[in-house]
Number of protein chains: 2
Amino acid sequence: MQRQDKKTRLQVIRMIVSSQAIESQEELLVEMDKAGFPCTQTTLSRDLKQLRISKVRSRGGRNVYAMPREGQFQPVPTHEEIKKSRWSLGENGSLMVIHTPPGHASMVAYDLDALRSPLLLGTIAGDDTILVVLAPGADAAEARSLIKDTVPGLKSN
Amino acid sequence: MQRQDKKTRLQVIRMIVSSQAIESQEELLVEMDKAGFPCTQTTLSRDLKQLRISKVRSRGGRNVYAMPREGQFQPVPTHEEIKKSRWSLGENGSLMVIHTPPGHASMVAYDLDALRSPLLLGTIAGDDTILVVLAPGADAAEARSLIKDTVPGLKSN
DNA sequence: CTTTTTATTGTCTATTTATGCAGAACAAAG
DNA sequence: CTTTGTTCTGCATAAATAGACAATAAAAAG
């Protein structure tokens with residue numbers, strides 16, 4: 001059993017996975033071969049586990065491997081104020097951006113949508129971010145206060 | 001073949017998945033049974049796909065189902081040039097749209113969020129598209145170069 | 001109502017991923 | 001050098017997930 005440089009192999013995997021849409025370990029196997037790092041599906045399974053790389057659903061119904069969102073390689077450098085409160089509200093013209101703790105965005109967006117306020121055209125929620133689109137001609141200050149009244153986390157901001 | 005309420009079943013799945021650590025479809029199957037929504041592994045496989053719920057790696061080396069990180073964001077229709085390269089950056093006033101290979105958007109968006117740059121108000125990630133909202137008065141050119149420096153795939157663009 | 005089309009679901013099976021086990025490489029002691 | 005323990009790897013196989021197909025139900029069209 002020839003032993004190869006595992007550290008390098010892991011790097012190669014990261015490189016491949018983050019630069020192309022890999023849909024299976026067999027597919028990755030081929031790429032590893034091309035890259036000059038032949039191995040087996042078994043090894044890739046274990047490497048991917050160690051790298052915390054998982055398959056995520058893409059829109060076309062495809063499943064592709066993707067790097068972990070919280071990589072073990074990049075501790076999040078948080079701002080102090082942001083650390084304190086994970087809630088924030090920013091605006092730019094007819095758009096507002098609300099930051100929430102991870103996972104809370106869609107819930108909050110739902111509450112905002114439920115208002116059915118003529119001031120708000122609509123919302124788009126990510127994991128921890130909401131984009132609020134104001135209605136044309138809507139008063140930004142008015143909208144801001146409406147949002148703050150609706151979203152408890154923003155009260156103090 | 002009795003037909004049950006699919007909409008409700010999907011809701012139940014979402015509830016279960018987001019409230020407990022489900023490690024396999026068989027396990028989910030049991031929970032669905034308990035919840036009064038018996039079905040088969042096949043159905044769960046399809047439902048999870050439709051809900052875009054995927055398995056992610058947890059720290060303890062376990063694999064757990066998790067809700068998708070993005071909400072109902074509709075990817076922007078792609079232009080011809082954009083299709084050519086899988087990475088692209090477009091802008092329109094205070095908005096920038098980044099296209100990535102499928103499944104990579106949330107990872108990139110995470111990196112951008114982690115910058116905590118005053119230039120960027122926030123990001124919303126779809127599957128292969130990221131919407132970046134610039135801060136009011138932010139210099140678009142400056143933001144563009146910041147983004148290019150942060151996202152390796154955009155280097156050549 | 002009858003016919004046609006579309007959607008939903010299960011069974012059976014293929015595909016994909018993970019694991020038990022064993023052998024070899026390496027490292028640390030003795 | 002020899003022994004002992006650890007890490008890495010592949011093979012064979014188990015476990016988990018997805019897909020083809022068929023059956024039935026619901027909806028739409030006539």
Side-chain angles (χ1 to χ4, degrees), chain A residues 1-18 20-69 72, chain B residues 1-18 20-68 101-103 127:
Chain A
M1 229 173 286
Q2 286 293 52
R3 225 164 177 185
Q4 44 169 301
D5 182 0
K6 184 175 179 182
K7 235 171 217 171
T8 311
R9 190 185 61 230
L10 293 182
Q11 281 297 341
V12 173
I13 291 175
R14 294 216 289 167
M15 216 168 55
I16 292 176
V17 165
S18 52
Q20 15 184 328
I22 301 293
E23 300 191 29
S24 74
Q25 293 178 9
E26 292 297 335
E27 203 177 315
L28 180 54
L29 203 56
V30 173
E31 295 302 320
M32 292 300 287
D33 237 3
K34 284 188 202 165
F37 288 80
C39 59
T40 60
Q41 175 267 321
T42 302
T43 296
L44 290 182
S45 172
R46 289 191 273 242
D47 286 353
L48 289 170
K49 180 175 184 177
Q50 188 173 345
L51 290 169
R52 300 175 33 75
I53 293 173
S54 53
K55 253 184 172 178
V56 300
R57 315 270 182 180
S58 100
R59 293 232 168 245
R62 282 168 301 176
N63 290 352
V64 299
Y65 281 102
M67 298 294 293
R69 205 177 147 87
Q72 64 228 78
Chain B
M1 228 175 290
Q2 282 296 55
R3 223 161 179 188
Q4 44 170 301
D5 182 359
K6 185 175 180 183
K7 237 171 215 172
T8 310
R9 192 185 60 230
L10 294 182
Q11 281 297 340
V12 172
I13 291 175
R14 295 216 281 172
M15 217 167 53
I16 292 176
V17 165
S18 50
Q20 11 184 335
I22 301 294
E23 300 192 30
S24 74
Q25 293 178 9
E26 291 297 336
E27 203 176 315
L28 180 53
L29 203 56
V30 173
E31 295 303 319
M32 292 301 288
D33 238 2
K34 283 189 202 164
F37 289 81
C39 57
T40 61
Q41 174 266 321
T42 302
T43 296
L44 290 182
S45 172
R46 291 190 274 242
D47 286 353
L48 290 170
K49 180 175 183 176
Q50 187 172 347
L51 290 170
R52 299 175 36 72
I53 292 174
S54 53
K55 254 186 171 175
V56 299
R57 315 271 182 181
S58 95
R59 296 259 168 218
R62 322 180 95 186
N63 290 353
V64 178
Y65 280 101
M67 298 293 292
D127 176 59

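Convention: sequence-line order gives letters A, B, ...; per-chain numbering from 1.
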dT17(C) phosphate, OP1 or OP2, under 4.0 Å from Y65(A) side-chain N/O: yes
Measure distances between side-chain N and O atoms of Q41(A) and base N and O atoms of dA18(C), and say whether any donor-acceptor pair falls under 3.5 Å. yes
Five pairs at each end of the helix from dC1(C)-dG30(D) to dG30(C)-dC1(D): take the axis at both ends and give me the angle between them to 10°. 30°
N63(B) or Q50(B): which one's nearest nucleotide on DNA chain C is closer to the 5' end? Q50(B)
Report yes if at least one side-chain N or O of Q25(A) is closer than 4.0 Å to OP1 or OP2 of dA18(C); otherwise report no. yes
When you check the phosphate oxygens OP1 and OP2 of dG10(C), does a side-chain N or O of T43(B) lie under 4.0 Å from one of them? yes
Quick check: any donor-acceptor pair below 3.5 Å linking the side-chain of S45(B) to the base of dG19(D)? no
Provide, to the nearest angstrom, the distance between the CG atom belonging to L44(B) and the C1' atom belonging to dG10(C). 12 Å
Could you tell me whether the phosphate oxygens of dA18(C), OP1 or OP2, come under 4.0 Å of any side-chain nitrogen or oxygen in R57(B)? yes
Under 4.0 angstrom, heavy atoms only, what part of the nucleic acid is K55(B) near: base, sugar-phosphate, or nothing? sugar-phosphate
Below 4.0 angstrom from OP1 or OP2 of dT9(D), is there any side-chain N or O of R9(A)? yes
Which residue, T43(A), V12(A), D5(A), I13(A), forms the side chain to side chain contact (heavy atoms under 4.5 Å, CB included) with F37(A)? V12(A)
